[in-house]
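Structure first, commentary second.
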There are 2 protein chains.
Amino acid sequence: MGTKSQIIEIATALFQEKGYNGVGLNEIINACKISKGALYHHFPNGKEELLIACLGSLNEVITKDIEEIFDQYPTIKEAMKAMIEKLIAKFETEGTITSYTFSSIVSEMGSLSEAVRIACSNLYTKIEGIYSNKLQSDGLSEESANSIAVTMTAAIEGGILLCLTNKTSEPLKMISQVLLRLV
Amino acid sequence: MGTKSQIIEIATALFQEKGYNGVGLNEIINACKISKGALYHHFPNGKEELLIACLGSLNEVITKDIEEIFDQYPTIKEAMKAMIEKLIAKFETEGTITSYTFSSIVSEMGSLSEAVRIACSNLYTKIEGIYSNKLQSDGLSEESANSIAVTMTAAIEGGILLCLTNKTSEPLKMISQVLLRLV
DNA sequence: GTCTATAAGACGATAGAC
DNA sequence: GTCTATCGTCTTATAGAC
């Protein structure tokens with residue numbers, strides 16, 4: 001079923017870029033070239049159901065994407081370096097970053113439901129898990145690996161915000177250097 | 001001039017918590033117990049003018065607050081530790097963090113104006129500057145201090161997002177430990 | 001400087017035809 | 001499964017009285 005997954009794909013990018021409240025259903029159906037009726041056929045409970053579907057899809061995409069990079073490189077140092085470089089390259093060509101971030105949705109959580117919070121929490125947990133596993137296979141203790149994994153997740157999410165705000169990829173470049181010094 | 005500054009104060013907290021698009025003018029005037037006419041008297045250009053006033057006010061408040069903490073402690077290590085502990089204490093008593101974060105506004109920037117982006121950029125630059133100065137007075141080179149300052153800014157902003165998402169202060173506690181190891 | 005009343009439009013959501 | 005038409009609500013913003 002192409003339509004439903006196409007809606008999810010397009011809506012995900014819009015939500016990441018502008019936030020949940022920053023995107024209207026009209027904007028989504030225009031971008032997808034479908035009608036309001038079609039949208040509500042696939043998501044009978046409306047906009048928030050669509051958002052949660054987007055977060056679920058994002059979970060799969062991000063996990064697959066990051067795991068692929070992490071399988072390519074033997075140590076966390078190399079894998080992390082490659083991952084952030086990919087992020088920077090995308091930012092420099094496209095002018096925006098949507099890849100591994102959903103801070104736009106998280107930061108509006110004060111006006112969203114508990115189901116959304118849990119979906120976001122699952123996503124962060126999954127990302128942290130990938131980092132932590134690689135750190136442990138590099139020889140770190142579980143406790144130490146978890147702390148660094150959380151810091152990496154936070155620094156990258158924050159770094160993306162800084163890049164978008166300053167319209168330059170410098171913050172992520174600096175952060176990459178500093179994070180690599182941690183391991 | 002009580003009214004105008006009161007509007008700014010209340011609106012700032014709401015914007016930080018729910019994002020720019022997550023807060024309506026009606027919510028703001030109800031919280032301030034004023035009328036729509038009064039709001040537009042003080043901010044003739046409407047909601048975005050109010051937002052920019054809020055970011056300017058936030059600039060003063062955050063700077064003063066962080067500088068006060070940083071003046072109290074001789075090294076960045078102690079100052080940063082105290083700052084994050086203050087953040088955690090506030091989160092644990094109030095259940096939310098609005099203090100030194102405006103990611104909610106930044107992350108909606110895709111749907112906001114250039115003037116807003118610049119106001120946010122100024123804020124991040126100012127915070128980074130405080131960290132960097134302290135790092136340099138601790139003996140680090142300018143280049144090294146700047147990299148670490150940016151990483152600290154990003155990690156704290158990201159850490160706040162993780163705390164709000166997971167409804168626990170653990171992420172900031174872990175991040176504090178790791179960041180302090182950097183200096 | 002603050003108020004009420006109102007405008008014009010966008011919002012999310014629904015009904016019913018095809 | 002997709003469409004159009006519509007509903008009620010909420011949005012930002014304005015006008016004009018006091």
Side-chain angles (χ1 to χ4, degrees), chain A residues 1-55 57 104-105 107-117 119, chain B residues 1-55 57 104-105 107-117 119:
Chain A
M1 267 306 82
T3 306
K4 186 166 183 177
S5 58
Q6 191 215 13
I7 297 173
I8 292 175
E9 197 179 316
I10 293 174
T12 302
L14 287 171
F15 286 145
Q16 284 179 293
E17 196 193 332
K18 304 186 178 182
Y20 179 73
N21 291 304
V23 185
L25 289 185
N26 290 323
E27 189 175 352
I28 294 171
I29 61 168
N30 286 339
C32 297
K33 285 174 198 120
I34 55 161
S35 69
K36 209 158 272 192
L39 194 151
Y40 273 91
H41 171 74
H42 293 288
F43 305 96
N45 290 72
K47 196 182 175 187
E48 196 167 292
E49 185 185 350
L50 171 59
L51 172 65
I52 291 179
C54 289
L55 290 171
S57 150
S104 52
I105 295 145
S107 62
E108 287 178 289
M109 230 160 45
S111 65
L112 295 172
S113 77
E114 183 71 1
V116 173
R117 187 189 68 78
Chain B
M1 270 295 81
T3 307
K4 186 167 182 175
S5 59
Q6 191 215 13
I7 297 173
I8 291 175
E9 196 178 317
I10 293 174
T12 302
L14 288 171
F15 286 146
Q16 283 178 294
E17 195 193 332
K18 303 186 179 184
Y20 178 73
N21 292 303
V23 186
L25 290 183
N26 290 324
E27 189 175 352
I28 293 171
I29 62 168
N30 285 340
C32 297
K33 284 171 198 124
I34 55 162
S35 69
K36 211 157 273 192
L39 194 151
Y40 273 92
H41 171 75
H42 292 289
F43 305 95
N45 290 77
K47 195 182 176 187
E48 196 167 293
E49 185 185 350
L50 171 59
L51 173 64
I52 291 180
C54 289
L55 290 171
S57 151
S104 53
I105 295 145
S107 62
E108 286 179 291
M109 230 160 44
S111 65
L112 295 172
S113 78
E114 183 71 2
V116 174
R117 187 188 68 77

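These numbers were taken from a predicted model, which means no experiment stands behind them. Here is how names work: the chains are called A, B, and so on, in the same order as the sequence lines, proteins then strands, and each is numbered from 1.
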- Message: If we ignore hydrogens and angles and just use 3.5 Å, is the side chain of A:Y20 paired with the main-chain N or O of A:E48 as donor and acceptor?
- Response: yes

- Residues A:K18 and B:N21: side-chain donor-acceptor under 3.5 angstrom: no

- Query: Going by heavy atoms in the side chains, are B:E108 and A:S104 under 4.5 Å from each other?
  - Reply: no

- Note on the structure: Reading nucleotides 12-18 of chain D from 5' to 3' and marking B where a protein heavy atom lies under 4.0 Å of the base, S where only the sugar-phosphate is that close, and - otherwise, the string is BBB----

- In whole angstrom, give the distance that lies between atom NE2 of A:H42 and atom C1' of D:dT2. 8 Å

- Query: Phosphate oxygens OP1/OP2 of C:dT2: is one of them under 4.0 Å from a side-chain N or O of B:T3?
  - Reply: yes

- What is the distance, rounded to the nearest whole Å, between atom NZ of B:K4 and atom C1' of C:dG1? 13 Å

- Task: Whole angstrom is fine here: how far is it from CD1 in A:I28 over to P in C:dA10?
- Result: 16 Å

- Heavy-atom closest pair (B:C54 atom, B:I8 atom, distance to 0.1 Å) is SG-O, 3.6 Å

- Rounded to whole angstrom units, what separation is found between the CD1 atom of A:I29 and the C1' atom of D:dA5? 13 Å

- Under 4.5 Å between any side-chain heavy atoms of B:R117 and B:L112, yes or no? no

- Item | Nearest-Å distance for atom pair CG/C1', residues B:N30 and D:dT11 | 14 Å

- From C:dC3, C:dG1, D:dC3, nucleotide with atom closest to B:H41 side chain: C:dG1

- Task: Flag the pair B:K4 / B:F43 as yes when at least one side-chain heavy-atom distance between them is below 4.5 Å, and no otherwise.
- Result: yes

